[in-house]
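Presented below is the structure to which this report refers.
What you see is a predicted model, and the numbers here were worked out from it, not measured in a lab.
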Amino acid sequence: MTRDQMIEKIAKEAKVNKAQAERAMKALFDGVATSLKKGQKITFVGFGTFTLSKRKARMGRNPRTGEAIKIAAAKVPHFKAGEKLKRAVK
């Protein structure tokens, strides 16, 4: 499903116009990103939980040259599906 298809679905289900649905979706995504940036955990009961994981620095290889390179530590978003979502996609 594309972003535009999701906006259409939200607009239809919530009985709002597409502009309102797009603003709502943007607000949700911005809220999740902002909260994760602050180190907060976001939980939607039944749907899932977003957290921020820390990835340690490590050594890797440039696939083109085979040269060893250092890969910096990073913070990465992580999503764990809730039970209701897991049952819905079985």
Measure from the side-chain N and O atoms of [X] to the backbone N and O of [Y], and report whether any donor-acceptor pair falls under 3.5 Å.
X: Thr43; Y: Val45; result: no
X: Arg61; Y: Gly66; result: yes
X: Gln20; Y: Asn17; result: yes

Decide if atom NZ of Lys75 counts as having more than 12 heavy atoms of other residues, nucleotides or ligands within a radius under 6.0 Å. no
Student check: side-chain heavy atoms of [X] and [Y] closer than 4.5 Å:
X: Glu13; Y: Lys9; result: yes
X: Val76; Y: Leu52; result: no
X: Met59; Y: Lys70; result: yes

Rounded to the nearest 0.5 Å, what's the gap from CD1 on Ile42 to CG on Leu36? Could you check?
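That separation rounds to 3.5 Å.
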- Task: Quick one: pull up CD1 in Ile69 and CZ in Arg58 and give me the separation to the nearest 0.5 Å.
- Result: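 Output value for this atom pair is 9.0 Å.
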Applying side chain to side chain donor-acceptor pair (under 3.5 Å) to Arg3 and not counting sequence neighbours gives Glu22
- Under a single-linkage definition using a 4.5 Å side-chain heavy-atom cutoff for Ile, Leu, Val, Met, Phe, Trp and Tyr, are Phe50 and Phe29 assigned to the same hydrophobic cluster?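 Yes, one cluster joins them.
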Q.
For residues 26-51, which residue pairs pass the salt bridge (charged side-chain N to carboxylate O under 4.0 Å, His left out) check, not counting sequence neighbours?
A.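 Every salt bridge (charged side-chain N to carboxylate O under 4.0 Å, His left out) pair that includes a residue of residues 26-51, provided the two are not neighbours, is Lys26-Asp30.
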Practice item. Check Met25 against Ile10 and note the closest heavy-atom contact, atom names and distance. Key: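 Scanning both residues, the minimum pair turns out to be SD-CD1, 4.1 Å.
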Of all heavy-atom pairs linking Ala11 and Ala21, the shortest is N-CB, 3.7 Å
Under the side-chain contact (heavy atoms from CB on, under 4.5 Å) test, which residues partner Leu85, sequence neighbours left out?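 side-chain contact (heavy atoms from CB on, under 4.5 Å) list for Leu85, sorted by chain: Phe47, Phe79, Ala81, Val89.
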